[in-house]
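Before any comments, here is the structure.
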2 protein chains.
Amino acid sequence: MKVTMKDIAKEAEVSVATVSHVINGTKNITEDKYKKIMRIINKYNYIPNSTAKNLRQKKTKTAGMIVSSFPDSFITEMVYGVEERAREMGYNLLLVNTNEDKNYEEETINLLHSRMVDGIILSPATNDIEYLNRFTDENFPVVLVNRYNNIVRNAPKVTGDNFQTGYDATIHLLKHGHKKIGMIYGVANVSTTDERIQGYKAALDQYNIPFDESYLELGHATVNGGAAAVKSLLNRHSDITALFVQNDLMTIGTIHQIREQSLKIPEDIALIGFGDFASAPIIDPPVTNIILPPDTIGKTAFDALLSKINNPEYTKHIEMPPSLITRKSCGCK
Amino acid sequence: MKVTMKDIAKEAEVSVATVSHVINGTKNITEDKYKKIMRIINKYNYIPNSTAKNLRQKKTKTAGMIVSSFPDSFITEMVYGVEERAREMGYNLLLVNTNEDKNYEEETINLLHSRMVDGIILSPATNDIEYLNRFTDENFPVVLVNRYNNIVRNAPKVTGDNFQTGYDATIHLLKHGHKKIGMIYGVANVSTTDERIQGYKAALDQYNIPFDESYLELGHATVNGGAAAVKSLLNRHSDITALFVQNDLMTIGTIHQIREQSLKIPEDIALIGFGDFASAPIIDPPVTNIILPPDTIGKTAFDALLSKINNPEYTKHIEMPPSLITRKSCGCK
DNA sequence: CAAGGATGGTAAAACGATTAACTAAGGAGG
DNA sequence: CCTCCTTAGTTAATCGTTTTACCATCCTTG
């Protein structure tokens with residue numbers, strides 16, 4: 001059977017407390033006892049049971065990470081950032097994907113909380129996260145990442161600056177002389193989309209172009225979803241000369257569909273995508289993207305979680321600025 | 001403070017055992033006591049502490065998943081498959097990325113084992129996994145996924161058929177008349193690479209072409225790594241007319257580099273990549289890929305883990321066949 | 001009505017560690 | 001030599017559940 005601390009103690013003819021002290025360095029132990037105990041520990045490859053330790057110490061060195069869509073390159077790289085920083089800090093990660101299911105998200109938080117994770121990093125499925133206050137009000141550490149909502153009290157947030165993202169992309173297209181700019185997005189009622197739309201609006205406003213909601217199109221965040229969305233959008237507004245697509249897979253679907261309609265990028269339709277997928281530079285034409293740094297967001301989110309764990313007062317909203325990578329698809333060069 | 005079963009029991013004027021029986025349905029409880037207890041449970045939003053439960057029951061409904069590289073689209077989708085099936089089965093996933101670090105991998109297994117995960121799904125960093133026998137010999141459930149090594153006893157394996165993958169890709173190029181076929185790969189000394197090389201060899205053999213190791217090139221599994229690898233390879237063998245690239249990012253780097261050298265795909269160099277990245281059809285020329293189904297591999301791996309948990313005798317090696325998606329880059333159409 | 005079987009509930013021992021409080025022995029100092 | 005401190009080590013409580021074994025009580029049934 002599995003060897004426990006008791007077994008080690010028995011064989012070394014000491015108490016379990018002494019063994020524990022040897023392992024954790026919590027008390028001076030005489031040289032010979034120390035060596036004897038260590039020898040037996042190594043002999044059996046003994047490693048203390050973390051579950052028992054966690055129960056007693058009420059901490060697990062584990063963080064919960066809940067994402068709403070997976071795999072999605074942005075989310076994936078964010079998870080990577082979180083995992084990497086967690087690993088550096090000696091933490092483990094309990095990863096759950098909710099598939100944009102709000103109810104499952106709430107269940108999951110309950111579950112992870114009951115598993116005594118030290119805190120949770122959450123990219124929520126919807127704006128509807130009032131329920132989180134039940135946890136945050138009791139100072140259970142929750143960090144909102146990527147998406148957020150200000151109805152949640154007492155939680156740090158780490159996100160991209162999505163207003164700026166929408167604004168910068170739109171301004172760039174406006175500067176190229178476009179007036180009819182369509183926007184395609186993959187998820188509704190989340191802060192990322194909402195804020196990018198606000199940025200889009202603000203940019204149009206600055207150029208005295210009235211905002212028209214029918215120039216926005218919601219689709220599935222997939223290649224086919226992008227193709228379908230652009231088809232429907234162009235059907236409605238054949239006067240569109242530029243597009244901002246908020247998701248990499250949808251961007252690829254968009255390019256597909258535009259070619260299908262025998263239109264030229266950027267001559268007939270200029271294009272800015274979101275997120276810098278690896279193949280962007282070798283597509284014809286190379287795709288201009290506006291990007292936010294997912295891995296940095298992930299790492300920063302874990303740092304924020306640690307800050308929150310160590311200081312219950314900590315509630316900062318950190319926003320990462322976007323950057324525009326211009327290639328030919330927007331009409332540049 | 002946090003409410004425990006004891007608190008519930010006190011308020012309901014029953015023993016903790018009764019509360020536990022109500023929650024788990026392990027004993028008949030009279031209607032009125034049952035209702036009273038449930039009312040109090042709901043009032044406090046009480047959820048039993050999983051850590052205590054896990055310790056007592058010696059199971060955690062948690063699987064460890066250890067991968068060697070992340071993010072990497074193949075691995076990511078595999079993780080997705082595992083997570084999805086785990087979720088369906090009521091399991092959680094403790095995800096760790098070892099970044100191809102063998103020592104960290106061993107440490108991690110020790111740690112997860114001490115955390116009493118019910119089993120581990122491992123995509124090992126190297127072939128050097130003899131140490132696993134320490135666990136598998138004691139019937140601790142370990143499933144090898146993607147990469148494997150037969151020195152490990154008593155472990156199910158779920159992988160792609162990589163021999164067939166190398167064979168099919170090479171045969172396809174040979175059928176197009178190529179005789180000087182280069183191969184670029186991103187990791188050495190792992191079963192995936194080794195077996196694809198074996199498949200490549202077998203295909204050449206069938207066409208009576210002698211195998212020459214210098215037609216293989218190892219690079220970093222990145223865009224730049226792919227570019228550098230193909231540069232070095234073409235430098236060594238300017239007679240190469242076809243390439244099989246074993247990784248999506250490297251494929252993109254390869255295309256970059258080939259264009260850089262003013263060569264045409266597929267006229268000067270035919271190309272087959274591995275893994276069907278979304279943009280493959282819209283690159284010029286569209287990229288032929290040979291693929292293995294990462295999400296199915298992931299799901300199957302979790303199923304295998306469950307089988308192993310329920311039946312210590314279970315040790316099956318499941319291999320998924322590849323499929324070739326032909327587009328123009330290999331000279332088809 | 002006594003014996004036997006269900007039935008509903010509880011006490012207490014696990015699970016495997018950590019840690020506060022205690023003890024015995026040895027050494028130092030007056 | 002007595003007192004007091006250190007020091008090394010132990011005892012036992014604790015973390016929050018589950019679960020076995022036991023105990024009443026009530027119901028049958030002959």
Side-chain angles (χ1 to χ4, degrees), chain A residues 1-38 40-41 44-62 110-118 138 140, chain B residues 1-38 40-41 44-62 110-118 138 140:
Chain A
M1 280 299 333
K2 209 81 252 335
V3 35
T4 72
M5 202 145 115
K6 213 165 164 181
D7 303 323
I8 303 290
K10 188 181 292 175
E11 184 157 339
E13 299 171 294
V14 296
S15 71
V16 290
T18 308
V19 177
S20 175
H21 287 133
V22 161
I23 289 169
N24 299 301
T26 33
K27 205 160 229 179
N28 270 345
I29 305 289
T30 47
E31 183 87 359
D32 53 341
K33 271 205 168 49
Y34 180 90
K35 280 192 173 162
K36 184 173 186 187
I37 293 170
M38 282 311 277
I40 297 170
I41 285 176
Y44 289 107
N45 262 308
Y46 169 71
I47 294 180
N49 181 309
S50 303
T51 302
K53 178 173 178 163
N54 292 342
L55 177 61
R56 176 65 225 247
Q57 299 193 140
K58 288 169 174 269
K59 61 181 179 189
T60 54
K61 285 273 190 175
T62 303
N110 277 316
L111 178 65
L112 294 187
H113 181 249
S114 93
R115 301 197 57 159
M116 305 203 316
V117 297
D118 296 340
E138 289 189 352
F140 177 64
Chain B
M1 281 299 331
K2 208 82 257 326
V3 34
T4 72
M5 204 146 113
K6 212 167 165 179
D7 303 322
I8 304 289
K10 189 183 292 178
E11 185 157 337
E13 299 171 296
V14 297
S15 72
V16 291
T18 308
V19 177
S20 175
H21 286 133
V22 162
I23 289 170
N24 299 301
T26 33
K27 202 160 231 181
N28 269 345
I29 305 290
T30 47
E31 183 87 358
D32 53 341
K33 270 204 170 48
Y34 180 90
K35 279 191 173 164
K36 185 173 185 187
I37 292 171
M38 282 312 276
I40 297 172
I41 285 176
Y44 290 108
N45 262 307
Y46 168 72
I47 294 181
N49 181 310
S50 303
T51 302
K53 178 171 178 164
N54 292 342
L55 176 60
R56 178 63 227 246
Q57 300 194 140
K58 289 169 172 274
K59 61 180 178 187
T60 55
K61 286 272 191 179
T62 302
N110 277 316
L111 177 65
L112 294 187
H113 182 248
S114 93
R115 300 197 58 158
M116 305 202 317
V117 297
D118 296 340
E138 290 189 351
F140 177 64

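None of these values were measured; they are calculated from a predicted model. In what follows, every chain begins at residue 1, and chains take the letters A, B, ... in the order their sequences are listed.
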Legend entry - Rounded to 10 degrees, the angle between the two terminal axes of the helix from C/dC1-D/dG30 to C/dG30-D/dC1, each from five pairs: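 Here the local axes at opposite ends form an angle of 50°.
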Indicate yes or no: at least one non-hydrogen side-chain atom of [X] is less than 4.5 angstrom from one of [Y].
X: A/Y44; Y: A/I8; value: yes
X: B/M38; Y: B/V22; value: yes
X: A/K2; Y: B/K58; value: no

For nucleotides 23-28 of chain C, tabulate all protein N/O to nucleotide N/O atom pairs closer than 3.5 Å, reporting atom names and distance.
none

Legend entry - By side chain to side chain donor-acceptor pair (under 3.5 Å) - contacts of B/D118 (at least two apart): B/T60
Inset, instruction - Not counting sequence neighbours, which residues clear side chain to side chain donor-acceptor pair (under 3.5 Å) with B/T51? List them please. - result: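 Side chain to side chain donor-acceptor pair (under 3.5 Å) check on B/T51 returns nothing, list empty.
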Inset, instruction - Taking all non-hydrogen atoms of both residues into account, name the closest pair between A/M116 and A/L55 and its distance. - result: CE-CA, 3.9 Å
Legend entry - Shortest non-hydrogen separation from A/P48 to B/S114 and the atoms involved: O-CB, 3.4 Å
Rounded to whole angstrom units, what separation is found between the [atom1] atom of [X] and the [atom2] atom of [N]?
X: B/E31; N: C/dG8; atom1: CD; atom2: P; answer: 12 Å
X: A/K10; N: C/dG16; atom1: NZ; atom2: P; answer: 13 Å
X: A/L55; N: C/dC15; atom1: CG; atom2: C1'; answer: 9 Å

Inset, instruction - Could you list all the salt bridge (charged side-chain N to carboxylate O under 4.0 Å, His left out) pairs where at least one residue sits in residues 45-55 of chain B, not counting sequence neighbours? - result: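 Those involving residues 45-55 of chain B do not exist here.
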Inset, instruction - For B/N49 and for A/V14, find the nucleotide of DNA chain D with the closest heavy atom, then tell me which residue's nucleotide is more 5'. - result: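 Its nucleotide being nearer the 5' end, the pick is A/V14.
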So, does [X] get its side chain near the phosphate of [N], meaning an N or O under 4.0 Å from OP1 or OP2?
X: A/K6; N: C/dC15; answer: no
X: B/N28; N: C/dG8; answer: yes
X: B/K33; N: C/dG9; answer: yes
X: A/T51; N: C/dA17; answer: no

Inset, instruction - Determine whether the side chains of A/T62 and A/R115 contain a donor N or O and an acceptor N or O closer than 3.5 Å. - result: no
Inset, instruction - Using side chain to side chain contact (heavy atoms under 4.5 Å, CB included) as the criterion, list what pairs up with A/K6, not counting sequence neighbours. - result: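 Testing A/K6 for side chain to side chain contact (heavy atoms under 4.5 Å, CB included), a comparison that skips the adjacent residues, returns A/T4, A/V16.
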Inset, instruction - Name the nucleic acid region contacted by A/Y34, choosing base, sugar-phosphate or nothing; use a 4.0 angstrom heavy-atom cut-off, strictly under. - result: nothing
Inset, instruction - Identify the 5'-most and 3'-most nucleotides of DNA chain D with at least one atom closer than 4.0 Å to a non-hydrogen atom of chain B. - result: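 Taking any atom under 4.0 Å from a heavy atom of chain B, the span is D/dG16 to D/dA21.
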Legend entry - Set of salt bridge (Lys or Arg N to Asp or Glu O under 4.0 Å) partners for B/K36, sequence neighbours left out: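 Per chain and number, B/K36 pairs via salt bridge (Lys or Arg N to Asp or Glu O under 4.0 Å) with B/E13.
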Inset, instruction - List in chain and number order the residues that pass ring-ring contact (aromatic ring centres under 6.0 Å, His included) with A/H21, two or more places apart in sequence or in another chain; answer none if no residue qualifies. - result: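 In terms of ring-ring contact (aromatic ring centres under 6.0 Å, His included), with neighbours along the sequence ignored, A/H21 is linked to no residue.
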Inset, instruction - Name all residues meeting the ring-ring contact (aromatic ring centres under 6.0 Å, His included) criterion together with A/Y46; count only those two or more places apart in sequence or in a different chain, and write none if there are none. - result: none
Compile the donor-acceptor pairs under 3.5 Å between side chains in residues 26-34 of chain B and protein atoms, sequence neighbours left out, one pair per line.
{"from": "B/T30", "atom 1": "OG1", "to": "B/D32", "atom 2": "OD1", "distance (Å)": "3.3"}

List, with names and distances, any nitrogen or oxygen atoms from the protein found under 3.5 Å away from nitrogen or oxygen atoms belonging to nucleotides 18-21 of chain C.
{"from": "C/dT18", "atom 1": "OP1", "to": "A/N24", "atom 2": "ND2", "distance (Å)": "3.2"}
{"from": "C/dT18", "atom 1": "OP2", "to": "A/S20", "atom 2": "OG", "distance (Å)": "2.5"}
{"from": "C/dT18", "atom 1": "OP2", "to": "A/N24", "atom 2": "ND2", "distance (Å)": "3.4"}
{"from": "C/dT18", "atom 1": "O2", "to": "A/R56", "atom 2": "NH1", "distance (Å)": "2.2"}
{"from": "C/dA21", "atom 1": "N6", "to": "A/K27", "atom 2": "NZ", "distance (Å)": "3.2"}

